[in-house]
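See below for the structure under consideration.
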2 protein chains.
Amino acid sequence: MMRESKRKRLEAKGWRVGSTGEFLNLSPEEAAYVELKIKLASKLREWRARRRLTQGDLARRVKSSQSRVAKMEAGDPSVSLDLLIRTLLALGASSREIARIITSRRRATAA
Amino acid sequence: MMRESKRKRLEAKGWRVGSTGEFLNLSPEEAAYVELKIKLASKLREWRARRRLTQGDLARRVKSSQSRVAKMEAGDPSVSLDLLIRTLLALGASSREIARIITSRRRATAA
DNA sequence: TGACGATATGTCGGATGTGACATATACTCC
DNA sequence: GGAGTATATGTCACATCCGACATATCGTCA
């Protein structure tokens, strides 16, 4: 399956700003994939912020590294849905909560 | 993150039969991960069966191969959540539908 | 200003995942 | 029994992902 090729063009910049660029040349499923990732990513950051943990703390908890956590929270292309979901599960999220995250409407990022 | 190590012991056989072996030595999040995978996997098979497509047909549609589709539908350890979700998205599933699958209660496999 | 703590970005070696192919198994229908 | 079609299983080369490390950027406090 393709995907990463097109993704690359994205990460050059942008796509965190608006509403996840359908205005860019993403196929519907690519857009949906990125949307999903961003939702999980920002939920993860939210979770961590609420408990006032540093990325390093969180990393230790799920046996990862600070840099990878940063990438997770940024929805970096090098992070898979798989890792995001496993991480949330490792933090005790239930499948119901995961589902809620997935259906949630994404709140505007910054102003 | 560990995971695959333990998983290996599973695939020797079993784990498709009962209720996804908490009776095996899986940590809660590992169990949840496998559960999730199985739900998506069986939904995929269901989707395909309903349209009376062969695995080969489906594979062509999502640019994969018959064997990988078989593995996806079997929830094989070599298949990531990522691939399962991307495939469902590629088949036109909405995030809402994905979420529904995730929360769904799994029906008994065979008798 | 500088020092400090937190987060971001870049890179790399090794681990996992992926499509493809070969082959095995299963199930008709003749 | 064989032929034909579908699905399962094993393997492999190549791609992608991962944790780790180094380093850069940012924010705050003195």
Side-chain angles (χ1 to χ4, degrees), chain A residues 1-8 10-16 30 33-34 37 40-42 44-88 90 109-110, chain B residues 1-8 10-16 30 33-34 37 40-42 44-88 90 109-110:
Chain A
M1 260 165 155
M2 35 73 234
R3 166 170 77 107
E4 210 54 13
S5 39
K6 286 199 175 179
R7 189 69 33 73
K8 290 289 183 187
L10 270 187
E11 69 175 320
K13 217 203 155 195
W15 84 275
R16 198 175 178 20
E30 284 173 326
Y33 177 84
V34 174
K37 218 150 107 166
L40 294 165
S42 55
L44 181 58
R45 190 189 296 260
E46 205 179 288
W47 185 94
R48 179 178 66 81
R50 185 153 17 240
R51 340 229 152 184
R52 302 184 190 282
L53 299 174
T54 68
Q55 292 181 342
D57 296 335
L58 174 45
R60 229 167 297 116
R61 244 186 236 227
V62 301
K63 298 207 219 296
S64 181
S65 64
Q66 179 270 323
S67 54
R68 192 128 300 271
V69 169
K71 281 160 193 164
M72 286 192 226
E73 293 185 348
D76 188 281
S78 82
V79 173
S80 67
L81 277 188
D82 209 287
L83 180 62
L84 278 166
I85 292 180
R86 280 203 326 268
T87 300
L88 287 165
T109 320
Chain B
M1 262 165 154
M2 33 75 237
R3 166 170 78 107
E4 209 54 13
S5 39
K6 287 199 175 179
R7 190 66 35 72
K8 290 290 183 185
L10 269 188
E11 69 176 320
K13 218 206 158 188
W15 86 276
R16 198 174 178 21
E30 284 173 326
Y33 177 84
V34 174
K37 218 150 105 163
L40 293 165
S42 55
L44 181 58
R45 190 188 297 260
E46 204 179 288
W47 185 93
R48 178 178 66 81
R50 183 148 23 235
R51 339 229 152 184
R52 303 185 190 281
L53 299 174
T54 68
Q55 293 181 341
D57 295 336
L58 174 45
R60 227 167 299 115
R61 244 187 237 226
V62 300
K63 298 208 219 295
S64 181
S65 64
Q66 179 270 322
S67 54
R68 191 129 300 271
V69 169
K71 281 159 193 164
M72 286 193 226
E73 293 185 347
D76 189 282
S78 83
V79 173
S80 68
L81 276 188
D82 208 287
L83 180 62
L84 278 166
I85 292 180
R86 279 201 330 267
T87 301
L88 286 165
T109 321

**Request:** Give the intermediate values and the outcome of side-chain contact (heavy atoms from CB on, under 4.5 Å) for residues Met72(B) and Ser64(B).
**Result:** CA-CA 11 Å; Met72(B) 286 193 226; Ser64(B) 181; 4.0 Å; yes

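- Look at CD on Glu73(B): it is 15 Å from C1' on dT9(D), rounded to the nearest Å.
- If you take CG of Asp82(B) and C1' of dG19(C), they are 15 Å apart, rounded to a whole angstrom.
- As a whole-Å value, the separation of Arg60(A) CZ from dC21(D) P is 13 Å.
- Where Arg48(B) and Arg68(B) each meet DNA chain D at their nearest nucleotide, the meeting point lying more 5' is that of Arg48(B).
- Side-chain contact check for Arg68(B) versus Ser78(B): some heavy-atom pair is nearer than 4.5 Å.
- Computed from coordinates, the Arg86(A) CZ to dG17(C) P distance equals 8 Å when rounded to whole Å.
- The listed nucleotides are dA6(C), dA8(C), dA8(D); the one nearest the side chain of Arg45(B) is dA8(D).
- Rounding to whole angstrom units, CD of residue Gln55(A) and P of dG19(D) are separated by 14 Å.
- Of the candidates dA22(C), dT7(C), dG19(D), dG19(D) carries the atom nearest the Ser65(A) side chain, counting heavy atoms from C-beta on.
- Comparing dA20(C), dT7(D), dG19(D) by their closest approach to the side chain of Lys71(B) singles out dA20(C).
- Atom CG in Leu58(B) sits about 14 Å away from atom P in dA6(D), given to the nearest Å.
- Atoms CG and CG, on Leu58(B) and Leu44(B) in that order, are 5.5 Å from each other to the nearest 0.5 Å.
- Atom CG in Asp76(A) sits about 14 Å away from atom C1' in dG19(D), given to the nearest Å.
- A donor-acceptor contact under 3.5 Å is formed by the side chain of Ser67(A) with the base of dA20(D).
- Between the CZ atom in Arg50(B) and the CZ atom in Arg52(B) there is a gap of 10.5 Å [rounded to 0.5 Å].
- Rounded to whole angstrom, the span from the NZ atom of Lys63(A) across to the P atom of dA15(C) amounts to 18 Å.
- Salt-bridge formation is not detected for the pair Asp57(B)/Arg61(B): no Lys NZ or Arg NE/NH1/NH2 atom is positioned less than 4.0 Å from an Asp or Glu carboxylate oxygen.
- In this structure, the nucleotide among dA20(C), dC18(D), dT7(D) sitting nearest to the side chain of Gln66(B) is dT7(D).
- Residue Ser64(A) has a polar side-chain atom (N or O) positioned under 4.0 Å from OP1 or OP2 of dG19(D).
- Listed nucleotides: dA20(C), dT7(D), dC17(D). Nearest to the side chain of Ser80(A): dC17(D).
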